[in-house]
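Report on the structure given below.
The sequence lines fix the lettering, A, B, ..., with proteins before strands; numbering per chain opens at 1.
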Amino acid sequence: MGLDLKPILTHTNIKLSDLSNKIIAVDAFNTIHQFLATIRGSTGELLTNSHGEITSHLSGLFYRNINLLAEGIKLVFVFDGVSSPLKTDEIQRRHQIKQIAAENYEKALVQGKLEEARKYSQATSVLTDKMIEESKRLLFLLGIPTVQAPSEGEATAARLTNSDLVQICASQDYDSILFGAKRLVRNITISGKRKVPNRNAFIDVPLEIYNLEDILNQTNLTNEQLVDVGILIGTDYNIGGIPGIGPKTALKLIQKYSKLENIDQLQEQLSNVPYEEIRELFLKPKVANVTNNDIKFEPVDYDKVVEFLCTEKNFSPERVNSALQKVQNSEKNKNQSLEKWF
DNA sequence: CAAGACGA
DNA sequence: TCGTCTTGG
């Protein structure tokens, strides 16, 4: 998976409520994949409606986004387009992992090893076109704008943080840092929420914020050099990187030699790596041209959300309504607090 | 993953 | 009332 930058990137911890009124570009594929991996029944099966249509992605998107909206967080979901030919190996690798996991899943099911089955099932998820369309539809009904990226979603999401349209990227992967995102937030979940004793309030388990400027200052690297570090470690475009070189070594090498071309002892191994192309992909990626008019935050369409989730997808009306209530209440609170100013 | 049920 | 377990679809 992706890029193991964590050991060399500093971050600060924040609370979910610190993101109130912030505009966040969410890596849609990354998020939906996570939901498909984790929102499952006891034997690892995906949630479905009565017609067998998968609903795990909708469950995750609905309940999480409701909580983020209630927190006053503004979201823009960025969807992947066509990925670079350089990513073919990585895509193939993921296919293989899914196939093996699917076989192990079936085996474990037959043997009645349910816990094992559930574990394997998490790696089998396939994101279909139908799921993508349904996700976009639900986001639309929730009033959350979506952006279609021409290539990597993270590239467009990162570029948005260089405008005034968006302040932060949300993803579990670190690629957006290499794509030049000013800020990255990881672990944007609400399950870390803990109720605080004796009061109607919550404390939040910390989310991680990565700030590109701080990272470059602390590592004494440029954006270009950070990409070189990534290439040594391994990206989706050169899986595994240079054998034997991990994050710490990669950082030291670039700090010492300043770029890949200067590391004499690695020239032979680097000759198999199209690093100039990879640099181009991270530093000058194809991105969507997004303007102010493309990002409009609309109110939730309560009736249509209920119709979609409850009527079409067999969600519990009680659960859906009480979730929607949260947003309605928080809007009331906002209006009240606004009135106090006047 | 997140909500709701449940039991200490 | 609070943390833990189970269900959701």
Is a salt bridge present between A/Arg94 and A/Asp236, judged by a nitrogen-to-oxygen distance below 4.0 Å?
-> yes
Kindly indicate whether a cation-pi arrangement holds for A/Arg137 with A/Phe308, taking the cut-offs as under 6.0 Å to the six-membered ring centre and within 45° of the axis.
-> yes
Report the nucleotide, chosen from C/dG8, B/dA3, B/dC1, that has the shortest atom-to-atom distance to any side-chain atom of A/Thr38.
-> B/dC1
Could you check how far CD1 of A/Ile32 sits from C1' of B/dC1, rounded to whole Å?
-> 14 Å
Interatomic distance where CZ belongs to A/Arg40 and P belongs to C/dC5 [whole Å] = 22 Å
A/Ser59 and A/Arg64 side chains, donor-acceptor separation under 3.5 Å | no
Nearest to side-chain heavy atoms of A/Leu47, which nucleotide of B/dA2, C/dG8, B/dG4 | C/dG8
Taken to the nearest whole Å, CZ/A/Arg319 to C1'/B/dA2 is 8 Å
In whole angstroms, the gap separating P of B/dA2 from CG of A/Leu58 amounts to 15 Å
Cation-aromatic face contact A/Lys136/A/Phe79, 6.0 Å, 45 degrees = yes
B/dA2 phosphate, OP1 or OP2: any side-chain N/O from A/Ser56 under 4.0 angstrom?
-> no
With a 4.0 Å cut-off on heavy atoms, is A/Thr55 in touch with a base, just the backbone sugar-phosphate, or nothing at all?
-> sugar-phosphate
